[in-house]
Amino acid sequence: MPSKTPAIISVISAIVLLLALGTLSFFIDLVVLNGYSESAGGPALIAFGVCQSLGLILSAVFAWRLTNLLLVKFNWNTILAVVVSVLASVVLSGVWAVPSFVLSIVVAEAMQ
C-alpha cells in the first residue's frame, strides 16, 4: 500500500491546473454568450459553472484513484504516476468541458 502523499500531490496539482483552465474557459464562455441578454446569459453561465464544478470534483477523484492504481497494481515510479494521473485528469476535464459549453448555449437559447 503506497503512502497517500503522491495521491494528495496529484489531486492538488490537478485542482490548481483545472482552476486555471476553468477560469480561462469561463471567459471563453462569456465571449460565446456575448450576443445574449443578461437574463439569458446569467442562467447559462450558472449551468456552465455547475457543470465545470462537477467536472473538477470528478477529475480530482479520478487523479486520486489513478495515482493509487498506477502505484499499487502496475508498480510505476511515483513521479511518473503523479504526472500521468494529472495529465489524464486534465484531459478528462477538457472532455467534460465540451458538453458544458453546449449546455450553456442550450440554456441561453431556451431562456431567450
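Atoms considered below: every heavy atom in the structure, side chains included; atoms not considered: hydrogens, waters and symmetry mates. Along the sequence shown, residues carry numbers from 1.
- The two atoms that bring Ala40 and Pro43 nearest to each other are O-CD, 3.6 Å, heavy atoms only.
- Proximity of Ser93 to Leu21: side-chain heavy atoms (C-beta onward) are nowhere separated by under 4.5 Å.
- With contacts defined as side-chain heavy-atom distances shorter than 4.5 Å, the pair Leu30/Phe26 qualifies.
- Heavy-atom minimum distance, Ala97 versus Gln52: CA-OE1, 3.6 Å.
- At distances below 3.5 Å, not a single donor-acceptor pair connects side-chain atoms of Ser13 with backbone N or O atoms of Ser10.
- Two different hydrophobic clusters hold Val102 and Leu24 under the rule that ILVMFWY side chains link at heavy-atom gaps under 4.5 Å.
- In terms of hydrophobic clustering, with Ile, Leu, Val, Met, Phe, Trp and Tyr side chains grouped at heavy-atom distances under 4.5 Å, Leu19 and Ile12 are assigned to a common cluster.
- Annotation: side chain of Leu56 is not in contact with side chain of Trp96 (no heavy-atom distance under 4.5 Å).
- Side-chain heavy atoms closer than 4.5 Å link hydrophobic residues (I, L, V, M, F, W, Y) into clusters, and following such links, even through other members, never connects Leu58 to Val98.
- Through direct or indirect side-chain contacts shorter than 4.5 Å among Ile, Leu, Val, Met, Phe, Trp and Tyr, Val61 is connected to no other residue.
- Applying the side chain to side chain contact (heavy atoms under 4.5 Å, CB included) rule to Ala44 yields the partners Leu33, Ser104, Val107, Ala108; only residues at least two apart in sequence or on another chain are considered.
- Closest heavy-atom contact between Ala60 and Val11: O-CG2, 3.5 Å.
- Using a 4.5 Å heavy-atom cutoff, the side chains of Val31 and Ile28 are not in contact.
- The cluster map of Ile, Leu, Val, Met, Phe, Trp and Tyr, joined by side-chain heavy atoms under 4.5 Å apart, puts Phe62 and Val16 in different clusters.
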Which donor-acceptor pairs under 3.5 Å do the side chains of residues 73-90 make with protein atoms, sequence neighbours left out?
from, atom 1, to, atom 2, distance (Å)
Ser85, OG, Thr67, OG1, 2.7
Ser85, OG, Ala81, O, 3.0
Ser85, OG, Val82, O, 2.9
Ser89, OG, Ser59, O, 3.0

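- Under the 4.5 Å side-chain heavy-atom criterion for ILVMFWY residues, a single connected hydrophobic cluster contains both Leu69 and Leu92.
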